[in-house]
Participant: 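Just dropping this structure here.
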2 protein chains.
Amino acid sequence: MDMNERKRKILHSIIDEYIKSAEPIGSRHIAKNLDFGLSSATIRNEMADLEEMGYLEQPHTSAGRIPSDKGYRLYVDSLMNDYELTVSDLSDFGGVLEWKMGQIDKIIKRASVLLSELTHYTAVLTTPEMRRGAIKTVELVPVDSASALIILVTNEGVMKHKRVLLPAGVDGEFVHSFSNLLREKLSGSTLEEISAAKISEIRRAMQAHFELLFPVLDFIAEIIDDVRAETEIFTSGATNILNYPEFNDVHRAKEFLEFLDNKEAVAEILQPATGQEAGFSDGGITVRIGKENKQDIMQKSSVITANYYVGDQVMGRLGIIGPTRMDYPKTIAKIKQISAMLNRLLYDLYIEEE
Amino acid sequence: MDMNERKRKILHSIIDEYIKSAEPIGSRHIAKNLDFGLSSATIRNEMADLEEMGYLEQPHTSAGRIPSDKGYRLYVDSLMNDYELTVSDLSDFGGVLEWKMGQIDKIIKRASVLLSELTHYTAVLTTPEMRRGAIKTVELVPVDSASALIILVTNEGVMKHKRVLLPAGVDGEFVHSFSNLLREKLSGSTLEEISAAKISEIRRAMQAHFELLFPVLDFIAEIIDDVRAETEIFTSGATNILNYPEFNDVHRAKEFLEFLDNKEAVAEILQPATGQEAGFSDGGITVRIGKENKQDIMQKSSVITANYYVGDQVMGRLGIIGPTRMDYPKTIAKIKQISAMLNRLLYDLYIEEE
DNA sequence: ATTAGCACTCAAAGAGATAGAGTGCTAACA
DNA sequence: TGTTAGCACTCTATCTCTTTGAGTGCTAAT
């Protein structure tokens, strides 16, 4: 059995129609509504072939056909037309302009809301990975006689802070000079570079004056570890998915929503595809269709993910989750758009102003 | 028709049973399983009376009875027995001990997760209101040549920070002395007190040296406004609710989940009851049953809320949302417990150490 | 190669029929 | 006078049976 142009066109139409209706597509429907100039019987024969080749499936004998995962895969890889965002689509992105001077978390959050509202699927984003961030400054700010704030600023603009108790007998001036020592030792290092050795070095440098603050140093080591490990995940539009008939039973809906609460699992689906994988795409866009996903719950869903960058360094990923019957061209176009906007925004925020 | 002790006991039993089973309760069930020493016929008569009095309802003629909102109200106000937390219940609270040195948001978040896990309903908490917080310190920390961080610390330990661009020609020393001016002027004031007048005063004091930093001052005014307005809301265990047959259709589930996304609406249900209201209770615990709730979507749900304090000042509220058929005694006991734990924790964090 | 025609299949929707849980009422009882 | 046994009645949930209609696969004619 070989794949000719007519078969491709018919498959394309079937998938387009099924994406719209979520109902199995029959030969008569195709023959009538699309003008192939062929009778339903001919279409029927072609459909039987396509099924044999694995691109279509039949829920039961007397139903129409629905695309298989393999069908969707072919569709995504070589059938579908790129979707051009319309003026009206683009105007929906308007809100982005207001983001300008915010913090990075806010931007990411806003982007996830926008993405879910634009696509009507569920959006998932990671906050930037900070392993490779460089420390811009470390500050120890006295709050009152007994406590101070440790503040950590990286070049990615993300800040971490923590309140610590100070040992008795430590005054503001003392804290201030320790703060200077810290800044001097740590500024410019990336988080990856700050090893136990480096901390020990600071400890030695402290020997002379700052024995009292040893506990504070431990705290600092701790929050650096925290930041290093931390990648937050935002999801948005979880309830969107409940609009699709695919999720029209409470059990399935519940499983899905609980899955979204499981940050590790969500982080996993955001992983980019490797070269081995079917979903691999060098544009940074990964599409995983149905059973191409590892997770049980995702077997009937598709996930489209993309990178976002600052300059040429990958900072994090964003994506959407929807039923396998997903409007791939449109969704991919929108993800690309959001990703591009994020790139530009973050670039302005962290590179240009340096 | 008057309410005698026997009627009260029967009503009590019916509600207890209905809370367990979610199935209408028939006279035979009560006569058989609870030992009133009465026949089903007698129970039947009493039930007819209770229905006439408005405490029970019948879904249809040949079904058993279910409690009405009025029935639940009587139950909560004067029928139900206080639930004593068991040792095993209490051991579930164990995780709290780990909270000790965290930030306030973390604590609140943790508390909401714990509350939802313990009750199996949906938990809702507000972060502390900061209107009345006093500013402990304001700091302007230079990050690089072009930008600085504004950091605001209140006595409630909550910190707000924002990165601002600095005008050209401003050096670290300059920023530092401005920072000192700010601290001097603002420390000790509560957020409520910081009016436009106060800001103008600072502006005047700046006249001499700091014209360059006027834009930064505006930013500071802005973030103070932000903090003043800001009460965040955490929800947790939203999917718990899907386990209850009351929410066993996708449409209803969806409405509920969307409701939870609407922060203003959720803030509203957390409002304490006024003296006028049925749900009023001076212990700080408010119970709103079914139609006692203003919100459409809550007409078939109950909400139990409580205050949490630091010292004797109300800081925020916590609560749970569940079906009207809710295990009131147990849930109330658990909310009280969590609230007490929060109080203690926050007290340790903000009062003792001062 | 395409198509008209027809027999066949199967899920979904509708129509009874049945079972069972529960009620209300009446009459008998202590 | 309060309680109970008994019975007719009601109503839902469930099961089975039938009907409907969409869609297929195959065959024979074009």
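Proteins come first, then strands; the chains are lettered A, B, ... in the order of their sequence lines, and each starts at number 1.
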Participant: Test B:E255 against B:R252 for salt bridge (charged side-chain N to carboxylate O under 4.0 Å, His left out), laying out the working first.
Facilitator: CA-CA 5 Å; B:E255 274 188 343; B:R252 194 147 152 53; 5.1 Å; no
Participant: Distance under 4.0 Å to a non-hydrogen atom of chain A counts as contact; along DNA chain C, which nucleotides mark the start and end?
Facilitator: C:dT2 to C:dA11
Participant: Taking atom types as modelled, find out whether B:T42 and B:S39 have a side-chain donor-acceptor pair closer than 3.5 angstrom.
Facilitator: yes
Participant: Decide, yes or no, whether a salt bridge links A:E57 with A:R65 under the criterion of side-chain N to carboxylate O below 4.0 Å.
Facilitator: no
Participant: Is the NZ atom of A:K291 crowded by more than 12 outside heavy atoms at less than 6.0 Å?
Facilitator: no
Participant: Would the number of heavy atoms belonging to other residues, nucleotides or ligands and lying under 6.0 Å from NE2 of B:H60 be above 12?
Facilitator: yes
Participant: Output all residues satisfying side-chain hydrogen bond (donor to acceptor under 3.5 Å, both in side chains) with B:K254, sequence neighbours left out; order by chain, then residue number.
Facilitator: A:N243, B:E258
Participant: Just checking B:Y121 against B:Y244, ring centres under 6.0 Å apart?
Facilitator: yes
Participant: Give, ordered by number, those residues of residues 8-31 of chain B having at least one heavy-atom distance below 4.0 Å to an atom of DNA chain C; if nothing qualifies, reply none.
Facilitator: B:G26, B:S27
Participant: Are B:Y83 and B:T331 close enough that a side-chain donor and a side-chain acceptor fall under 3.5 Å?
Facilitator: no
Participant: Do any of residues 61-70 of chain B sit with a heavy atom less than 4.0 Å from DNA chain C, and if so which?
Facilitator: B:T61, B:S62, B:A63, B:G64, B:R65
Participant: What I want to check is whether the side chains of A:S27 and A:R44 have a donor and an acceptor closer together than 3.5 Å.
Facilitator: yes
Participant: Do any of residues 36-54 of chain A sit with a heavy atom less than 4.0 Å from DNA chain C, and if so which?
Facilitator: A:G37, A:L38, A:S39, A:A41, A:T42, A:R44, A:N45
Participant: With the threshold set at 4.0 Å, does a side-chain nitrogen-carboxylate oxygen contact exist between B:R73 and B:E292?
Facilitator: yes
Participant: Should B:R8 and B:E5 count as an ion pair when the cut-off is N to O under 4.0 Å?
Facilitator: yes
Participant: Under the salt bridge (charged side-chain N to carboxylate O under 4.0 Å, His left out) rule, collect the residues that match up with B:K300, sequence neighbours excluded.
Facilitator: none
